[in-house]
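A note on names: the letters A, B, ... follow the listed sequences, proteins ahead of strands, and every chain is numbered from 1.
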Amino acid sequence: MKISCDIEVRHLSRVEGHGNIRISIKNGQVREAVWEVVETPRFFEAMLVGKLYENAPYICGRICGICSIGHTLASIRAIENGFGFTPSAQTARLRLLLKHMETLQSHILHIYFLAAPDFLGVGSVLPLIKSHPEVVRRALRLKLLANEVCDEVGGRRLHPTRTVVGGFTMLPDRDALGRFHQRLRAGLADLFASAELFATFTFPAFTRETEFVSLRREGSYPFIGGELFSSDGVRKKEHEYRAMTNEYLAAHSTSKLSRLSRESFAVGALARLNNNFAYLRPQAAAIAGEFGLGPVNHNLFMNNLAQLVECVHVVEDAIALIDELLTDCWQEPRQAVTPRAGIGVGAVEVPRGILYHCLEFDKDGRIRKADCVIPTSQNHANISKDIEALAAHCVAQGKSDKETELLAEMLVRAYDPCISCSVH
Amino acid sequence: MVELINPGMSLFAKKPRGREEDDLFHKAEITNVYPMTATEKLYQIQIIDPAARRGFLFKPGQFIMLEAPGIGEAPFSISSAPSRLGNIELCIRAVGVLTRFLSRLERGVMIGISGPFGTCFPVEEMVGEDVILLAGGLGIVPMRSPIMSLLENRSRYGRIDVMYGARRPSELLFGYQHAMWRQFDIGLKVIVDRSEPGWTGPVGMITALLAKRLAQGERSRFGNATNAIVCGPPVMFKPICDMLLEAGLSMEKIFVSLERRMHCGRGKCCRCNIGSTYTCLDGPVFDYWSVLNLKEAI
Amino acid sequence: MSDAKSYLGVPVLRPRVGFFELTSCEGCQLQLLNNEATLLDFLDLVEIVNFREGMKESGDNYRIAFVEGAVTRADEVERLREIRRNAEMVIALGSCACFGGVNQLKNRFNDPAWVKREVYGEYPIDSQAAVPLAAVIKVDLEIFGCPVKKEEVERIVTNLVLGKEVKHPKYPVCMECKAHENICLFDLGEPCLGPITRGGCDAWCPSNRLGCWGCRGPAPEANVDELRKIVARKNIPLERLLDRLECFGGFGGEADAVRKELGGLK
Amino acid sequence: MIFKVLAAGELEKFFELLVVNKLIGPVERGPAVDGRLLFDFAEVAEIAELRLDFTQTVHSAKKYLLPYLEETGVFVMEGSDWEKRVDYGAHQPLVLFGLHACDINALNKLDKVLLAEPYPNRFYGAKRAAMFIIGHSCRPTPACFCRSMGADSVRHGCDLFLTPLGDDYFVEIMSSRAFHIMESLDLREPTRRDHKRFQEQAKHRGNLLTAEVDATDLTKILDMEFDSTVWNEWGRRCLSCGTCAQVCPTCYCYGLEEVVALDLAKGAKIRQLYSCNLLDFAEVAGGYNFRPESRTRLKYRYYHKHRGFVEAFEEPLCVGCGRCGTNCLAGITVPEVIASVRRGEVENG
Ligand SMILES: Cc1cc2nc3c(=O)[nH]c(=O)nc-3n(C[C@H](O)[C@H](O)[C@H](O)COP(=O)(O)OP(=O)(O)OC[C@H]3O[C@@H](n4cnc5c(N)ncnc54)[C@H](O)[C@@H]3O)c2cc1C
Ligand code: SF4
Ligand code: SF4
Ligand code: SF4
């Protein structure tokens, strides 16, 4: 039986941002198994202090290159909540459509470009261009579709330009929306083909019971606003997010960490799926069924599949949203908002889990204090705990260092961590 | 309902879609490339279509627009003798996007040329008279065509002087032809700003050459029957032309070639305008009288 | 992937390129993956030997290094110097690398310790003022933008591969904005840095009815004084102009001057 | 020229006759913060979109002849060789419905230079010949100084010109094409009353033209004032942004750029409308710039329009539409600039 192992992965690849994995096992004892976040901090929360409210969505969008739309929307929601403003139904629909397409493009990027190479035994997507051209093309097609909808609705796929407090600077072209409707339908077929591909992958059978946190709203699979919910039974209001996140600092990490009922908890696609399974759109639910994914699933490797299920869900939902948008005539893109003193919180489900922005304003709408709690920072503690358990599990099974290293990498990647975002 | 027929189509039916932009555009092959200095190369170019090649009539001082597909298009003076028609020579200094790319091309590559464009040095009108040619730096390039033209008809002209200044000996262009020019009884004087090992000629500014020539007591030979052609960097024009005027040349007989940014060569892009004057249509060759009447010309 | 390419008879070698990120959102790198429609052609043009965000393999034998992000910590200085040693050409990718980007917003506070405390409390954290790459190493080419525009990156890379010089427009964003026939943001009562910001983004923001924030930095000879007068004439608070001037770091000096006039910060 | 009167209801019929073609007309873009309505030319499918009561479009109609960006050649590469394809971009006739006198005159001025021999611009020529232009009398704005530029009325350059007389339209038919198209409409001969109403209308419009430029001896004055210090002040204000040229119906300077496709299989030559106010307009190889300061560039724009063009064509390259001044953020307007040159000083603004 194998009793020792030493693994060090510096700057894990195919994840967003910089993190290291260190595992050290001596005589069958796990002496160290850590997920270390070494990303450089950027101090967004300080940057915002003294700025007029309108800067927050623009600057905070720059927290993350993948989910800039989510950050922008979270800031906008925090501001609107703080000013007691409710966006119009049209604005809400367009924002959700935009959010969905970000989810789609981010999930596709993750499952195809970052995760799939592990399952196909290659180091990156590059060799797949030759060996699996149709797979790469399908992925690109889906990502392109999602990105083009983002361009049309948000003005830009990355660091959106049309999203502002009160609504949008301008509205999408109705004919373009009609065309996207058709392409989204075709996109569903691509997603089913993706499901077939993923059904051929073997996911490690590794479970560790954990607590799952997400938004929850009766009757829907929520992405923007709602109640805060944990699979251990904690329920809080949006503005009580601090009671849900309990951030703390620790050595070996420039990111803050979170805990709730236990030492750690998980957010993200699997958490959402576990907590809101009943509200999945029909075809998404069907695919989840085929994968045997149901609440409460404690295998974090399955997050990859949960993402795929969510892709189907957001596409189905986007089709419905476009139907609704095209039924009504366009109203004014943007409504006026009046700043007032107070605190506002915006909770948004971004691809990697629940994101909170909290902003405190003076009476002119100048920001006095800002707080952003990022999904990946909420996951970090859970990742560490998972690695520890995985290491023990591997030792018990007598896996080689190489195998253990790969599994550990795959596990971290399964969370789809957005590290630079977590150290914002 | 009235569907208008497309009158544009009929008006320009001679040039339907898919054809060249206008009759002035020719595909040409780079038949030879010779490095001349560290930055200049001589390109021999042949227009592909034989009829177009034979019909390519130009005058000394005129230029073409050279286009390398996808890379750029710019004006270049034709540096060969007009009698060579569509077998032209260009001497090009690698300074920017197009010219640096050109410097990497080998023989056999196809490029596009349009032209010839612009005004010329009126060598025909100088028959029977003296000509003094003053070139600074790259100015020798547009000068070579009139020189060749004068050589080919050497007996029809009086005294011919060429004064050529370069920054250093290694930057001298067409050195291989200097001996030949002299053989044709051309008074060629070369000067460099800075000497290099092996250089035995004079060192200084081109104005020194001219001053020396003027001081040789041959002033009497200057006057209404002497023509001057001046090419070079803008800073060179004024002092030289002033000296020539001083020596008695008439303004209408001093010709300069001006350089401007050009994007079309056809009087349409405005890039080369000096006031209402298009360097490409009304120039690049101007007599000095016209230049003095142009604001900001030199 | 085809091996030997040529253009106008000039052989075109696929350069080995590496992508690196310092302090940033990594969005500019992602913009490359966002080139779905042309990604395969792009990959055919260059050989990627280092791209941590997208691949596991890595090598130091790159000729061109694209570096994203600002420098904010000693280890980044080291990493950047190493990249400089390995690469023939270092390209600053995006506004963080060119000017410090949003990261340099923290530099504007007089008290760096306060900045750290505001986010991390008393917990010790290592971070220096955010500076652009050029403050540390020699940069061969800058690609501006937050984010960079993929069409522009493609054009630049094509030119690099061809050995055709890369030139940035010298005109401001207004030029491209007018070509789109957008309504001028000032006519909508919004501030816009379009008149002083380097063009080349095809007026990305104004075309979406958002005033330009100056992410590409100043156009050569930007007339900031006149823009200040315009903003005053249009009754737009100077503070809103400042927000934009200082956002990405390209207008450092001008932003400092305005800030001083408005009465400083912590 | 033939004069007719078009009955009130017939305009819609006329529009319907033409709309099978690509039809361009003034449309509303929305209000500015100061309440001004903004208009531009755009493709129109229904007469209701057409705002014939427009004051002035922000951008001129020149884009239909001189697009901001135009591919003037595509190269399909084959090794060291290639094939060049040129498309003048005049694929279908274009109906321009509702151009004001100044804009029609602007096209006439562009014709003079762009269609001039020996090298007419075929891209422009093909599109120009494929145009059917319907003029419409205007509602002057305080910025219009077209009368000073002699561009307030139209004698040629369009197919017909409409002037509303109450509900009817006074029609000046200027081409046989227009005559034939209008045959099926209910046109009547103008009565004396119609002519009188037409003249009254013209007079009323004339009264609204308040801005002026004193163009007497302007070329000479510009010549003498070449070194005037007023340019320093205008240059200090100018943003070198090129907006004035972009919106101007008569500015036609351009730049060229060549690009290679990502797969290296194609190249293209792209023409971009440029402006002499831009920093690098007069830069030549080696980095030398003939007009490095904004004051010399701005001055050049005025000299080209009001001196150089006059010398060449006996009319200024300006129709007095006032667009450049209205859209210049720095508030640099032609009447003020020219007045300042005459006066020798700039008034504070
Ligand atoms: C009538 C005429 C005849 C000519 N004849 C000849 C000739 O015979 N031989 C010859 O060699 N040239 C000749 N020229 C000059 C030649 O046309 C220019 O050198 C040409 O524009 C170069 O094109 P390019 O694409 O290489 O340069 P571009 O890349 O277009 O560079 C030129 C422009 O870019 C700027 N530029 C270039 N590099 C830099 C830099 N590093 N920094 C800042 N700005 C830069 C220049 O200022 C200039 O504006 C002639 C010009 C004219 C008008
Ligand atoms: S418009 Fe301004 S802020 Fe927007 S992309 Fe362009 S330069 Fe950047
Ligand atoms: S005059 Fe006005 S519009 Fe024209 S370049 Fe100068 S600032 Fe821009
Ligand atoms: S210069 Fe100004 S006023 Fe004259 S035509 Fe052009 S935009 Fe109109």
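Taking A:Lys143, A:Met170, A:Glu45 one by one and counting their heavy-atom pairs under 4.5 Å with chain C, the maximum is reached by A:Lys143. In terms of non-hydrogen atom pairs under 4.5 Å with chain A, the most contact-rich of C:Ala70, C:Gly27, C:Ser127, C:Pro147 is C:Pro147. Annotation: maximal heavy-atom pairing with chain A below 4.5 Å, among C:Glu118, C:Glu190, C:Arg117, occurs at C:Glu118. Comparing C:Leu188, C:Asn103, C:Leu242 by how many heavy-atom pairs each has under 4.5 Å with chain A, the most go to C:Asn103.
Across C:Asn34 and A:Arg157, no two heavy atoms sit closer than the pair O-NH1, 2.9 Å. The two residues A:Leu52 and C:Arg240 make their nearest non-hydrogen contact at CD1-CG, 3.9 Å. Between C:Ser24 and A:Ser420, the closest heavy-atom pair is O-CB, 3.6 Å. Of all the heavy atoms in A:Met47 and C:Lys106, the pair that sits closest is CG-N, 3.9 Å. In this structure, C:Arg108 and A:Val49 approach most closely via the heavy-atom pair NH2-O, 3.4 Å.
Contact of C:Cys205 with chain A is made through backbone and side chain together, with heavy-atom distances under 4.5 Å. When heavy atoms are compared at a cutoff of 4.5 Å, A:Leu158 approaches chain C by way of both its backbone and its side chain. Heavy atoms of C:Asp126 lying under 4.5 Å from chain A belong exclusively to its backbone. Both the backbone and the side chain of A:Pro41 come within contact range of chain C, with heavy atoms under 4.5 Å apart. Only the side chain of C:Lys150 comes within contact range of chain A, with at least one heavy atom under 4.5 Å from a heavy atom of that chain. Residue contact with chain C, scored on non-hydrogen atoms closer than 4.5 Å, involves the side chain of A:Glu409 exclusively. For a residue to count as touching a neighbouring chain, one of its non-hydrogen atoms must lie under 4.5 Å from one of that chain's; by this rule A:Leu109 touches chain C with the side chain only. Contact of C:Cys146 with chain A is made through backbone and side chain together, with heavy-atom distances under 4.5 Å. Residue contact with chain C, scored on non-hydrogen atoms closer than 4.5 Å, is absent for A:Cys421. Contact of C:Glu76 with chain A is made through the side chain alone, with heavy-atom distances under 4.5 Å. For C:Thr72, the part lying near chain A is the side chain, with the backbone staying farther off; criterion is any non-hydrogen pair under 4.5 Å.
Ion pair C:Glu246/A:Lys51 flagged as a salt bridge, since at least one NZ, NE, NH1 or NH2 atom sits closer than 4.0 Å to an Asp/Glu carboxylate oxygen. The pair A:Glu16-C:Arg52 does not meet the salt-bridge criterion, since no charged nitrogen lies less than 4.0 angstrom from a carboxylate oxygen.
Checking side-chain atoms of C:Tyr120 against main-chain N and O of A:Phe43 turns up no donor-acceptor pair under 3.5 Å.
Side chains of A:Arg162 and C:Asn208: a donor on one and an acceptor on the other come within 3.5 Å.
C:Trp213 and A:Tyr58 have parallel rings, their planes meeting at less than 30° on a 0 to 90° scale where 60° marks the start of perpendicular.
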